A.B. asks: 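The structure's right below; bear with me while I get my questions together.
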Amino acid sequence: MERFNMEKTARTRFAPSPTGHMHFGSARTALYDYLLARQTGGQFILRIEDTDKKRTVEGAEEELYAGLRWLGLQWDEGPQVGGQYGPYRQTERKEIYLQHARRLVETGHAFYCFCTPETIKAEREKQIANKENTHYSGTCRNLSLTEADQRIAAGETFVIRFKTPLDGVTRVVDELRGEMVIDNRTLDDIILIKSDGFALYHLAAVVDDHLMEITHVFRGAEWLPTFPLHALIHRAFGWVEPKWIHLSVFLKPSGKGKMSKREAADLIQDGRSIFIKDLLELGYLPEAVNNWIALMGWSYDDHTEFFTLPDLVEKFSIQKLNPSPAAINFTKLDHFNGLHIRNLTVDDLAQRLKPFFEKAGYKVDIDVLRKITPIIQERLVTLDDAIPLAGFFFEEKVSPILDELIAKKLDAAGTLEIARKILAVLEAVPNLELDTVEPPLRTLVEKTGLKPGQVFGILRVAVTGLMVSPPLFESLAIIGREKVIERLKIAIALLEESNDR
RNA sequence: GCCCCCAUCGUCUAGCGGCCCAGGACGGAGCCCUCUCAAGGCUCAAACAGGGGUUCGAGUCCCCUUGGGGGCACCA
């Protein structure tokens, strides 16, 4: 156990904005938040950052809740569960930000700005034309409070900007990268409060993190450039900063850049997705998704890779986090999914498989499914794979293809002959249990002098309609003698018909 | 353009100065097992970006170059 984690309990927060589908990048941040909170006996807080009403998407918040719950990351405080530090939705905290911004203005750390978006835009264009760095020119920076208040009273619209130090440096510490020293001249007077009265992320996040007593902030590395500003805001209030942990960004599978919205949406055509809701539908297990994303940017040692959520709670540590960007590797997700599927109990797997069969249009008898499950368990990469592999168990009839029915190195006539012999064996046997069918069929193989694969292949295609199926004898027992014989007879008829031509 | 971050097999990574002619995993190749497909077992190919330092000793520390990534909004 990490000594520093033992010292105090952590309060972490997952603070998404409800502007689109939840993807595994945010899921990974939430996971780390959850792990640290659980490990230290602290709290995992969910806060909705919805200050930009224009970008808020209907239903996105619900998708977030569903995604977190699916992954098993239940939050201790936040929407739907409440808590002592609410409200947990930023649009409900507008006044808090306004008061805090005013406080910064009064202490000389911020200022009212009356410049219009148009003048700012013109200013920026001029700077670009002159090859200067774009930044706020400082027109309103030294307006007196009394003058500003008069203009506000007169009805002028305003924003509140942070008064960034003009010189010197700002030193900040990221837990993964150590100290960063930034020249204050490269920092802009960012907007804290928009003209609509809502706070921008920079102010809202800082104020909330402090008020909610957040101890550790996990967030994406895309926040690194504004990190000094956020630290400066904390300091302007005289507050103690939380520990900052900037997580590496995810690159597209090729490793060439971040995935665009378009590319993310197109992935689904290949049966892959970065969105949590899709992963569920594609047949991935939340256990596998957690395992996979946990390892993208974190490792435990030089050989352990299989982790359940409780394992992760126990073993996670900030100091083993990796700051370098990581390319997404979907085949590794497949691997973990197979591993976790095999780790499930038969009963559990059968329950999870059921909706997939139903979605495919099958009427599922859970007792039959329970019998099927053990023989397909180690063959599944995703839950969805079960349908093409085992759908025939729930079909009335199967449709073998003649060419596939004909055994390797045999013609239709030869295959027909063998098929008839198989039928004879099956009819002679009292039932189709493993112990009763397998020995006589193997004897048959010996008598024919053919390869086991040739003989069993004929039966397989006849009974399952598939070239590739779960183990044959186990399958026969589940399908039942009556259906097996019926299917075999249909196959024999098919062979006879082709033989007649 | 400016600012910031990063840099070990194709990919995810272990490595926090000697344990490393660099370990694991995915993927790839091969073999074994075998009624198909899997699963499993074994084997193989595959990396410290380059150059300077520091040191008795550098993948590990420092600098430069190169490469990659991120950010420069009244978005988060």
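Just so it is clear: chains get the letters A, B, ... in the order the sequence lines come, proteins before strands, and each one is counted from 1. Because the structure is predicted, anything quoted here is derived from the model rather than measured.
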A.B. asks: Here's a test of your reading of the structure: between A:T304 and A:T19, which maps to the more 5' nucleotide of RNA chain B?
C.D. replies: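 Looking at the nearest nucleotide for each, A:T304 comes out on the 5' side.
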A.B. asks: Using only side-chain N and O atoms of A:R342, determine if any of them is under 4.0 Å from OP1 or OP2 of B:G40.
C.D. replies: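 Yes.
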A.B. asks: Could A:R47 and A:E49 be called an ion pair, given the rule that one side-chain N must be under 4.0 Å from one carboxylate O?
C.D. replies: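 Yes, this pair counts.
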A.B. asks: For B:A25, what is the paired nucleotide under Watson-Crick or G-U wobble rules, both distances under 3.5 Å?
C.D. replies: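 Check on B:A25: paired to B:U11, both distances under 3.5 Å.
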A.B. asks: Can you identify which nucleotide, out of B:A38, B:A76, B:C74, has its nearest atom closest to the A:I191 side chain?
C.D. replies: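 Selected nucleotide (nearest to the side chain): B:C74.
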A.B. asks: To the nearest Å, give me how far apart CZ (A:F336) and C1' (B:G27) are.
C.D. replies: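 Going from A:F336 (CZ) to B:G27 (C1'), I get 13 Å.
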A.B. asks: When you get a sec, tell me which of B:G70, B:C74, B:U36 is the closest nucleotide to the side chain of A:E222?
C.D. replies: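 Of all the options, the side chain of A:E222 is nearest to B:G70.
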A.B. asks: Using a 4.0 Å heavy-atom cut-off across all strands, classify A:T226 as base, sugar-phosphate, or nothing.
C.D. replies: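 Counting heavy atoms under 4.0 Å across all strands, no contact is made by A:T226.
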A.B. asks: Applying a 4.0 Å non-hydrogen cut-off, can you work out what A:G220 is touching in the nucleic acid: base, sugar-phosphate, or nothing?
C.D. replies: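 If one applies the 4.0 Å heavy-atom cut-off, A:G220 turns out to touch nothing in the nucleic acid.
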A.B. asks: Counting side-chain heavy atoms from C-beta on, which of B:C35, B:U36, B:U11 comes nearest to A:A327?
C.D. replies: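 Selected nucleotide: B:U11.
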A.B. asks: Got a donor-acceptor pair under 3.5 Å from the side chain of A:T186 to the base of B:C2?
C.D. replies: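 Side chain to base: no pair below 3.5 Å.
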A.B. asks: Do the side-chain N or O atoms of A:R124 get closer than 4.0 angstrom to the phosphate oxygens (OP1, OP2) of B:C74?
C.D. replies: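 Result: yes.
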A.B. asks: At less than 4.0 Å, is any side-chain N or O atom of A:K54 found next to OP1 or OP2 of B:C75? Yes or no.
C.D. replies: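 Result: yes.
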A.B. asks: Output yes when at least one side-chain N/O atom of A:S324 is less than 4.0 Å from OP1 or OP2 of B:G69, else no.
C.D. replies: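 It does not, given that no N or O in the side chain of A:S324 lies less than 4.0 Å from OP1 or OP2 of B:G69.
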A.B. asks: For A:N329, answer base if it contacts any base atom (sugar-phosphate contacts may also be present), sugar-phosphate if it contacts only those atoms, and nothing otherwise; contact means non-hydrogen atoms under 4.0 Å.
C.D. replies: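 Touches a base.
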A.B. asks: I'd like to know if A:E132 and A:K126 make a salt bridge, using a cut-off of under 4.0 Å between side-chain N and carboxylate O.
C.D. replies: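 Not counted as a salt bridge, because no side-chain N and carboxylate O are separated by less than 4.0 Å.
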A.B. asks: Using a 4.0 Å heavy-atom cut-off across all strands, classify A:G338 as base, sugar-phosphate, or nothing.
C.D. replies: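 Answer is nothing: A:G338 stays at 4.0 Å or more from every strand.
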A.B. asks: Hey, which sits more toward the 5' end of RNA chain B by its nearest nucleotide, A:I182 or A:H202?
C.D. replies: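 Taking each residue's closest nucleotide, the earlier one in sequence belongs to A:I182.
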A.B. asks: Do the side chain of A:E305 and the base of B:G24 come within less than 3.5 angstrom through a donor-acceptor pair of N or O atoms?
C.D. replies: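 Indeed, a donor on one side and an acceptor on the other fall under 3.5 Å apart.
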A.B. asks: Using atom C1' of each nucleotide, how far apart are B:C72 and B:C26 to the nearest Å?
C.D. replies: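 So the two C1' atoms sit 37 Å from each other.
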A.B. asks: According to the Watson-Crick and G-U wobble definitions, with both distances under 3.5 Å, which nucleotide is paired to B:C35?
C.D. replies: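 Across any shown strand, B:C35 pairs with none.
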A.B. asks: Name the nucleic acid region contacted by A:S17, choosing base, sugar-phosphate or nothing; use a 4.0 angstrom heavy-atom cut-off, strictly under.
C.D. replies: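 Counting heavy atoms under 4.0 Å across all strands, the contact made by A:S17 is with sugar-phosphate only.
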A.B. asks: Would you indicate, yes or no, if B:U13 has its OP1 or OP2 atom less than 4.0 angstrom from a side-chain nitrogen or oxygen of A:K332?
C.D. replies: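 A:K332 to B:U13 OP1/OP2: no side-chain N or O under 4.0 Å.
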A.B. asks: Rounded to whole Å, how long is the line connecting atom CD of A:Q127 with atom P of B:C2?
C.D. replies: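 Whole-Å distance recorded here is 15 Å.
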A.B. asks: Measure from the side chain of A:M180, starting at C-beta and using heavy atoms only, and say which of B:C74, B:C4, B:A39 lies closest.
C.D. replies: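 My answer, after comparing the listed nucleotides, is B:C4.
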A.B. asks: For a quick check of understanding: with a heavy-atom distance under 4.0 Å over all strands, which category does A:P228 fall into, base, sugar-phosphate or nothing?
C.D. replies: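 A:P228: no heavy atom of the nucleic acid under 4.0 Å.
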A.B. asks: Strictly below 4.0 Å: does A:R55 bring a side-chain N or O up to OP1 or OP2 of B:A76?
C.D. replies: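 No.
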A.B. asks: For B:G1, which nucleotide in any strand shown is its Watson-Crick or wobble partner with both distances under 3.5 Å?
C.D. replies: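 B:C72 - that is the nucleotide pairing with B:G1, both distances being under 3.5 Å.
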A.B. asks: State whether A:N322 places a side-chain N or O below 4.0 Å from either non-bridging phosphate oxygen (OP1 or OP2) of B:A14.
C.D. replies: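 Yes.
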A.B. asks: Determine: side-chain N/O of A:H303 to OP1/OP2 of B:G24, distance under 4.0 Å, yes or no.
C.D. replies: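 For B:G24, OP1/OP2 do not have a side-chain N/O of A:H303 under 4.0 Å.
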A.B. asks: Can you tell me which nucleotide in B:G71, B:U36, B:C26 comes closest to the side chain of A:P225?
C.D. replies: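 My answer, after comparing the listed nucleotides, is B:G71.
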A.B. asks: By the 4.0 Å heavy-atom rule, please label A:K256 as base, sugar-phosphate, or nothing.
C.D. replies: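 Counting heavy atoms under 4.0 Å across all strands, the contact made by A:K256 is with sugar-phosphate only.
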A.B. asks: So what does A:P117 touch, heavy atoms closer than 4.0 Å: a base, only the sugar-phosphate, or nothing?
C.D. replies: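 Here A:P117 touches the bases of the nucleic acid.
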A.B. asks: Select base, sugar-phosphate, or nothing to describe what A:C113 touches, counting heavy atoms under 4.0 Å on all strands.
C.D. replies: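 The answer is nothing, as A:C113 stays clear of every strand by at least 4.0 Å.
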A.B. asks: Would you indicate, yes or no, if B:C6 has its OP1 or OP2 atom less than 4.0 angstrom from a side-chain nitrogen or oxygen of A:R177?
C.D. replies: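 No, no such contact exists.
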A.B. asks: How would you label the contact of A:E474 with the nucleic acid (heavy atoms, under 4.0 Å): base, sugar-phosphate, or nothing?
C.D. replies: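 Since a base atom lies under 4.0 Å of A:E474, the category is base.
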A.B. asks: Just the rounded figure in Å: distance from C1' of B:U36 to NZ of A:K451.
C.D. replies: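 So the two atoms are 15 Å apart, to the nearest Å.
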A.B. asks: Compute the centroid of each ring, for A:F24 and then for A:W292, and state whether the two points are separated by less than 6.0 Å.
C.D. replies: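 Ring centres of A:W292 and A:F24 closer than 6.0 Å.
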A.B. asks: Answer with yes or no after comparing the ring centroid distance for A:H335 and A:F306 against a 6.0 Å cut-off, counting only values under it.
C.D. replies: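 Ring centroids of A:H335 and A:F306 are no less than 6.0 Å from each other.
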A.B. asks: Looking at B:G71, I'd like to know if its phosphate oxygens (OP1 or OP2) sit under 4.0 Å from a side-chain N or O belonging to A:K258.
C.D. replies: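 Yes, because at least one side-chain N or O of A:K258 sits under 4.0 Å from OP1 or OP2 of B:G71.
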A.B. asks: Roughly how far apart, to the nearest Å, are B:G28 and B:U11 at atom P?
C.D. replies: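 16 Å, rounded to whole Å.
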A.B. asks: Within the 3.5 Å criterion, strictly below it, is a donor on A:N184 or A:T186 matched to an acceptor on the partner's side chain?
C.D. replies: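 Note: A:N184 and A:T186 side chains miss the donor-acceptor criterion.
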A.B. asks: Hey, does A:L200 reach any base, or is it just sugar-phosphate, or nothing, if we go heavy atoms under 4.0 Å?
C.D. replies: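 Since only primed, P, OP1 and OP2 atoms lie under 4.0 Å of A:L200, the category is sugar-phosphate.
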A.B. asks: In whole Å, what separates the C1' atom of B:G59 from that of B:U13?
C.D. replies: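 Approximately 14 Å lies between the C1' atom of B:G59 and that of B:U13.
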A.B. asks: May I ask you to verify whether the side chain of A:R460 and the base of B:C35 hold a donor-acceptor pair under 3.5 Å?
C.D. replies: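 Such a pair is found, so the answer is yes.
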A.B. asks: Name the one of A:I293, A:T12, A:L321, A:I245 that satisfies side chain to side chain contact (heavy atoms under 4.5 Å, CB included) with A:Y32?
C.D. replies: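 Answer after filtering A:I293, A:T12, A:L321, A:I245: A:L321.
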A.B. asks: Counting side-chain heavy atoms from CB outward, which of B:G69, B:A73, B:U36 is closest to A:L251?
C.D. replies: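 For A:L251, the side-chain atoms sit closest to B:G69.
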A.B. asks: Given atom CD1 of A:I293 and atom C1' of B:C12, what is their separation to the nearest angstrom?
C.D. replies: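 So the CD1-C1' distance, A:I293 to B:C12, works out to 14 Å.
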A.B. asks: Taking the six-membered ring of A:Y136 as reference, does the cationic atom of A:R161 (NZ for Lys, CZ for Arg) lie under 6.0 Å from its centre and within 45° of its axis?
C.D. replies: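 Judged by the rule, A:R161 and A:Y136 form a cation-pi pair.
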A.B. asks: Rounding to an integer number of Å, can you tell me how far A:I375 CD1 sits from B:U36 C1'?
C.D. replies: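 Whole-Å distance recorded here is 13 Å.
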A.B. asks: Rounded to whole angstrom units, what separation is found between the CE atom of A:M296 and the P atom of B:A25?
C.D. replies: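 Taking atom P of B:A25 as the reference, CE of A:M296 is at 19 Å.
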A.B. asks: What integer distance in Å separates A:L229:CG from B:C4:P?
C.D. replies: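 In whole Å, B:C4 P and A:L229 CG are 14 Å from each other.
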A.B. asks: What is the distance from CG of A:D301 to P of B:G24, rounded to the nearest Å?
C.D. replies: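 So the two atoms are 13 Å apart, to the nearest Å.
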A.B. asks: So for atom CZ, which belongs to A:R185, do other residues, nucleotides or ligands contribute more than 12 heavy atoms lying within a distance under 6.0 Å?
C.D. replies: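 At most 12 heavy atoms, drawn from other residues, nucleotides or ligands, come within 6.0 Å of this atom.
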A.B. asks: Has A:K94 got its NZ or CZ under 6.0 Å from the middle of the six-membered ring of A:F198, at an angle within 45 degrees of the ring axis?
C.D. replies: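 Ring-cation test returns yes.
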A.B. asks: Both distances under 3.5 Å, Watson-Crick or G-U wobble: report the partner of B:G18, or none.
C.D. replies: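 Pairing partner, where one exists within any strand: B:C56.
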A.B. asks: Looking at B:C26, I'd like to know if its phosphate oxygens (OP1 or OP2) sit under 4.0 Å from a side-chain N or O belonging to A:T331.
C.D. replies: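 For A:T331, the contact criterion (side-chain N or O under 4.0 Å from OP1 or OP2 of B:C26) is not met.
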A.B. asks: Counting Watson-Crick and G-U wobble pairs only, both distances under 3.5 Å, name the nucleotide matched with B:A46, or none.
C.D. replies: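 Per the H-bond distance test, none.
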A.B. asks: What is the nucleic acid contact for A:V249, judged by heavy atoms within less than 4.0 Å: base, sugar-phosphate only, or nothing?
C.D. replies: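 The residue A:V249 makes sugar-phosphate contact but no base contact.
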A.B. asks: For the C1' atoms, the ones on B:U8 and on B:C3, what distance do you get once it is rounded to whole angstrom?
C.D. replies: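 Roughly 28 Å separates the two C1' atoms.
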A.B. asks: When we call it a touch if two heavy atoms are under 4.0 Å apart, what does A:P470 touch: a base, just sugar-phosphate, or nothing?
C.D. replies: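 Counting heavy atoms under 4.0 Å across all strands, the contact made by A:P470 includes a base.
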A.B. asks: How would you label the contact of A:S469 with the nucleic acid (heavy atoms, under 4.0 Å): base, sugar-phosphate, or nothing?
C.D. replies: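 Base contact - A:S469 has a heavy atom under 4.0 Å of at least one base atom.
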A.B. asks: Would you confirm whether the ring centroid of A:W223 sits within less than 6.0 angstrom of the ring centroid of A:F218?
C.D. replies: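 So the answer is no for these two rings.
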A.B. asks: Can you figure out which of B:C5, B:U36, B:C35 approaches the side chain of A:R379 most closely?
C.D. replies: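 Closest of the options to the side chain of A:R379: B:U36.
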